[in-house]
Amino acid sequence: MSEVLRDDRALDEGWVTLTLSNPARLNAISVAMWRSLREHVEALDADARVRAIVIRGAQGNFAAGADIEEFPAERGSYDALRRYHGEIIGPTLEALARCRHPSVALIEGVCVGGGLEIAAHCDLRIAGESARFGVPINRLGFPMAPGELRGVLALVGRAVALEILLEGRVFGATEAREKGLLTRVVADEAVEEAGRACARRLAAGAPLAAQLNKWLIARLAPPVPPLSEAEWQQAFSYWDSQDHREGVAAFLEKRPPKFEGR
């Protein structure tokens, strides 16, 4: 079963944990999970008792990207593709980025694709030394969507974003820290306690100061004009390409893709 679990056991200390749970698929994020994550984040944003949010994955992994087995049904046409990225994933990440409470991603194991996007939209990221990162969607025949790329680009900048997306390579936590993806790296056995300690520090700070710091940093960041309809269409122009169909089919059939550039 795929779900996002809310744990309020530390709410008396001011922080809440959200767990991405689809362990049979390395916590691949289903549409239901994207929607649930947004609902949880929006509810927490409105809760004055909350001062920090921890996001983690179940059973030793953060998340292995979006659930590609859903792609044929959820992204089977241009309109469906626009809805999937523009009405499901993008708004979820935006809700996380705009949440007034500080957030920290506690990262173990696999953190790729959509998992890395979620982590990038958190305020802080703490990872175990054996965690693995990347966005290997070039092997699926499509780019990162605008609403997902915005946060990754803001975090690591043009050069690193291009490297991650063009190479599609999976890399370790030390390299992720060097690229600016991570706040800190700790021993695997210390990840949970490091996450709790970070949450306690966040919760101990003045809530209004944290909220104003988040708002001011967002306000002072370079503005990005909204995409025009023509630009949205260009961003999703791959939807009926041979390479897109081949990339998804090859993944589902567990074979190497054969791209033709069309």
Intermediate values then yes/no, side chain to side chain contact (heavy atoms under 4.5 Å, CB included), I107 and L182: CA-CA 10 Å; I107 303 168; L182 298 176; 4.0 Å; yes
Full working for salt bridge (Lys or Arg N to Asp or Glu O under 4.0 Å) between R35 and E39: CA-CA 6 Å; R35 288 178 171 145; E39 291 170 0; over 6 Å; no
From CA spacing to verdict: side chain to side chain contact (heavy atoms under 4.5 Å, CB included), E129, T174: CA-CA 7 Å; E129 56 194 1; T174 299; 5.8 Å; no
Candidate pair I118 and W34, rule side chain to side chain contact (heavy atoms under 4.5 Å, CB included), full reasoning: CA-CA 10 Å; I118 290 172; W34 285 113; 3.7 Å; yes
Check against side chain to side chain contact (heavy atoms under 4.5 Å, CB included), L20 and N22: CA-CA 7 Å; L20 308 171; N22 188 6; over 6 Å; no
Verdict with supporting geometry, R75 and H244, side-chain hydrogen bond (donor to acceptor under 3.5 Å, both in side chains): CA-CA 11 Å; R75 300 166 78 255; H244 181 214; 3.2 Å; yes
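Both L116 and Y84 belong to a single network of hydrophobic side chains, linked directly or stepwise wherever heavy atoms of I, L, V, M, F, W or Y lie under 4.5 Å apart. Linking ILVMFWY side-chain heavy atoms closer than 4.5 Å, directly or via other members, places V112 and I164 in two distinct hydrophobic clusters. V50 and W15 are assigned to two separate hydrophobic clusters, defined by single-linkage of ILVMFWY side chains at heavy-atom distances under 4.5 Å. The hydrophobic cluster containing V41 does not contain L124, counting ILVMFWY residues as joined when their side-chain heavy atoms lie under 4.5 angstrom apart, directly or transitively. In the hydrophobic clustering of ILVMFWY residues, with side-chain heavy atoms under 4.5 Å counting as a link, V170 and L162 come out apart.
Side chain to side chain, H121 and R98 fail the donor-acceptor criterion of an N or O pair below 3.5 Å.
Without hydrogens or angle criteria, E231 side chain to S228 main chain gives a donor-acceptor distance under 3.5 Å. A distance-only check finds a donor-acceptor pair linking the side chain of R125 to the backbone of A119 [under 3.5 Å]. The backbone N or O of R100 lies less than 3.5 Å from a partner atom in the side chain of D45, making a donor-acceptor pair. Remark: side-chain polar atoms of N27 are not paired, donor with acceptor, to backbone N or O of G57 under 3.5 angstrom. The main-chain N or O of H101 is found under 3.5 Å from a side-chain atom of K214 such that the two form a donor-acceptor pair. Counting only distance, with no hydrogens or angles, the side chain of R177 and the backbone of T183 share a donor-acceptor pair below 3.5 Å. Side chain of D188 to backbone of S130: a donor-acceptor contact under 3.5 angstrom is found. Listed for the N61 side chain is no donor-acceptor partner under 3.5 Å among the backbone atoms of G109. In this structure, the side chain of R245 engages the main chain of D240 through a donor-acceptor pair within 3.5 Å. A side-chain donor-acceptor contact under 3.5 Å links E70 to the backbone of V31.
In this structure, the side chains of P72 and L252 come closer than 4.5 Å at one or more pairs of heavy atoms. In this structure, the side chains of I88 and R83 stay at 4.5 Å or more apart for every pair of heavy atoms. A 4.5 Å side-chain heavy-atom check between L106 and I126 finds every atom pair outside the cut-off. Counting heavy atoms from C-beta on, the side chains of L155 and L181 come closer than 4.5 Å. Side chains of V104 and I53 form no contact here, defined as non-hydrogen atoms less than 4.5 Å apart.
When every heavy atom of G141 is checked against every heavy atom of F259, the shortest pair comes out as N-CZ, 3.9 Å. In terms of heavy atoms, A161 sits closest to V156 at N-CG2, 3.8 Å. Closest of all the heavy-atom pairs between C122 and L96 is SG-CD2, 3.9 Å. In terms of heavy atoms, S21 sits closest to L5 at CB-CD1, 4.1 Å. Pairing each heavy atom of L165 with each of L149, the nearest pair is CD1-CD1, 3.8 Å. Heavy-atom minimum distance, F62 versus C111: CD2-SG, 3.7 Å.
Ring to ring, F251 and F71 are not that close: their centroids are 6.0 angstrom or more apart.
Atom CG of L227 sits about 11.5 Å away from atom CD of Q233, to the nearest 0.5 Å. Rounding to the nearest 0.5 Å places CD1 of I55 at 9.5 Å from OG1 of T19. To the nearest 0.5 Å, the span separating CG on L140 from CG on D243 amounts to 11.5 Å. L44 contributes atom CG, which lies 15.0 Å from atom CZ of R51 (distance to the nearest 0.5 angstrom). Distance check: H40 NE2 to M33 CE gives 10.0 Å after rounding to the nearest 0.5 Å. The CD1 atom of I89 sits 10.0 Å away from the CE atom of M144 when rounded to the nearest 0.5 Å.
Comment: E163 does not engage R158 in a salt bridge, judged by the lack of any side-chain N to carboxylate O separation of less than 4.0 angstrom. Using a 4.0 Å cut-off between charged side-chain N and carboxylate O, R82 and E74 make no salt bridge. The pair E175-R169 meets the salt-bridge criterion, since a charged nitrogen lies less than 4.0 angstrom from a carboxylate oxygen. Ionic pairing of K258 and E246 is not present here: no N-O contact between side-chain nitrogen and carboxylate oxygen is shorter than 4.0 angstrom. With salt bridges taken as basic N to acidic carboxylate O contacts below 4.0 Å, one links R38 and E42.
By the neighbour-count criterion of 12 heavy atoms within 6.0 Å, atom CZ of R150 is sparsely surrounded, having that number or fewer from other residues, nucleotides or ligands. Heavy atoms from other residues, nucleotides or ligands lying under 6.0 Å from CZ of R9 number 12 at most.
For the pair K179 and F171, the cation-pi test (distance below 6.0 Å, angle within 45°) is passed.
Between F236 and Y238, the angle of the ring planes lies from 30° to 60°, which puts this pair in the tilted group.
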